[in-house]
Amino acid sequence: MSSPSENPLVLAASLDAALRPTDWSDYVGQQQVKANVRIAIDAAKKRGGLPEHILFYGPPGVGKTTLAHLIALTLGAQLKSTSGVAVERAADLAAILTNLEPGTVLFIDEIHRLPRKLEELLYPALESGHLDIVLGKGPSARTVELALPPFTLVGATTRIADLSGPLRSRFGGGTYQLDFYTDEDLRDIIRRSALL
């Protein structure tokens with residue numbers, strides 16, 4: 001039996017943690033996106049609240065997940081991560097949302113993979129901080145409203161066109177396009193990684 005330090009998943013996670021920037025100054029590229037997100041975070045802090053929900057889109061490997069980590073670190077908040085493909089049923093989404101700690105940053109990668117019915121469940125959670133649960137079926141069905149702790153959703157997608165317009169409109173903190181890294185950005189990332 002291998003020790004935890006020899007486990008490939010543990011090694012990959014520790015390598016990811018070591019290479020992922022923990023400060024905005026170490027995050028390479030995406031200068032305009034980075035500046036706008038930091039303004040939104042600073043404004044929220046000055047208001048004494050959380051930033052509005054944020055959506056990042058762009059090709060794989062351009063820093064969407066890293067930005068979610070930096071947002072959580074800047075807020076001093078817990079980061080809860082999942083993916084659109086992992087949330088298959090209303091019960092999955094309800095379990096995630098009702099177990100959030102106040103102030104959590106919820107990161108949903110590949111958010112375009114959420115089923116449309118689950119997108120619709122998200123609307124009141126994002127707009128007014130509650131989750132509507134339908135109990136029963138037919139004429140005897142009733143809706144129970146569950147209050148949720150305040151949270152910030154950070155969505156990421158490689159396929160912005162697959163997200164419905166109503167869901168995109170709930171990202172009041174901004175929808176940001178991330179582009180491929182320039183050659184100079186790639187050199188900076190390699191230099192930074194080699195020093196770690």
Please answer whether the main-chain N or O of [Y] pairs with a side-chain N or O of [X] as donor and acceptor at a distance below 3.5 Å.
{"X": "Arg170", "Y": "Glu127", "result": "no"}
{"X": "His53", "Y": "Leu126", "result": "yes"}
{"X": "Thr152", "Y": "Pro51", "result": "yes"}
{"X": "Lys64", "Y": "Glu110", "result": "no"}
{"X": "Gln30", "Y": "Asp179", "result": "yes"}

- Message: Minimum heavy-atom separation for Pro124 and Asp132, please, with both atom names.
- Response: CG-OD2, 3.9 Å
- Heavy-atom pair of closest approach, residues Val134 and Ala141: CG1-CB, 4.2 Å
- Message: Run Ile133 and Leu135 through side chain to side chain contact (heavy atoms under 4.5 Å, CB included) and show every step you take.
- Response: CA-CA 6 Å; Ile133 303 292; Leu135 301 175; 4.0 Å; yes
Reported [atom1]-to-[atom2] distance for the pair [X] and [Y], which is rounded to 0.5 angstrom:
{"X": "Gln78", "Y": "Glu101", "atom1": "CD", "atom2": "CD", "answer": "6.0 Å"}
{"X": "Leu178", "Y": "Thr66", "atom1": "CG", "atom2": "OG1", "answer": "10.0 Å"}
{"X": "Ser193", "Y": "Arg20", "atom1": "OG", "atom2": "CZ", "answer": "11.5 Å"}
{"X": "Asp162", "Y": "His112", "atom1": "CG", "atom2": "NE2", "answer": "5.5 Å"}
{"X": "Glu88", "Y": "Leu118", "atom1": "CD", "atom2": "CG", "answer": "9.5 Å"}
{"X": "Leu55", "Y": "Ser169", "atom1": "CG", "atom2": "OG", "answer": "11.0 Å"}

- Task: Start with the C-alpha distance between Asp42 and Lys45, add both sets of side-chain angles, then the distance that settles salt bridge (Lys or Arg N to Asp or Glu O under 4.0 Å), and finish with yes or no.
- Result: CA-CA 5 Å; Asp42 290 344; Lys45 283 179 155 183; 5.4 Å; no
Is there a path of hydrophobic side-chain contacts, each under 4.5 Å between heavy atoms, that joins [X] and [Y]?
{"X": "Ile96", "Y": "Ile71", "value": "no"}
{"X": "Phe56", "Y": "Leu50", "value": "no"}
{"X": "Leu67", "Y": "Ile39", "value": "no"}
{"X": "Leu186", "Y": "Val62", "value": "yes"}
{"X": "Ile160", "Y": "Tyr176", "value": "no"}

Hey, does [Y] have a side-chain heavy atom less than 4.5 Å from the side chain of [X]?
{"X": "Ile108", "Y": "Val154", "answer": "no"}
{"X": "Lys80", "Y": "Phe107", "answer": "no"}
{"X": "Thr82", "Y": "Asp109", "answer": "no"}
{"X": "Thr175", "Y": "Ile54", "answer": "no"}
{"X": "Lys34", "Y": "Leu70", "answer": "no"}
{"X": "Leu153", "Y": "Phe171", "answer": "yes"}
{"X": "Leu122", "Y": "Leu114", "answer": "yes"}
{"X": "Leu148", "Y": "Leu100", "answer": "no"}

- Task: For Leu79 and Leu106, run side chain to side chain contact (heavy atoms under 4.5 Å, CB included): C-alpha distance rounded to whole Å, both residues' side-chain angles, the deciding distance at 0.1 Å, then the answer.
- Result: CA-CA 6 Å; Leu79 178 71; Leu106 173 61; over 6 Å; no
- Salt bridge or not for Lys117 and Glu120, using N-O below 4.0 Å?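 Not counted as a salt bridge, because no side-chain N and carboxylate O are separated by less than 4.0 Å.
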- Query: Would you call Arg116 and Glu119 a salt bridge, using N to O less than 4.0 angstrom?
  - Reply: yes
- Task: Flag yes if more than 12 heavy atoms outside Arg168 fall under 6.0 Å of its CZ atom; otherwise flag no.
- Result: yes
- Query: Where do Val105 and Leu75 land on the side chain to side chain contact (heavy atoms under 4.5 Å, CB included) test, with the steps shown first?
  - Reply: CA-CA 9 Å; Val105 173; Leu75 294 171; 3.9 Å; yes
- Hey, does the Lys NZ or Arg CZ of Arg159 hover above the aromatic six-ring of Tyr57, less than 6.0 Å from the centre and inside 45° of the axis? no
- Message: Show, in sequence, the C-alpha distance, side-chain angles and deciding distance for Leu167 and Tyr123, and conclude whether the side chain to side chain contact (heavy atoms under 4.5 Å, CB included) test is met.
- Response: CA-CA 7 Å; Leu167 181 56; Tyr123 300 161; 4.1 Å; yes
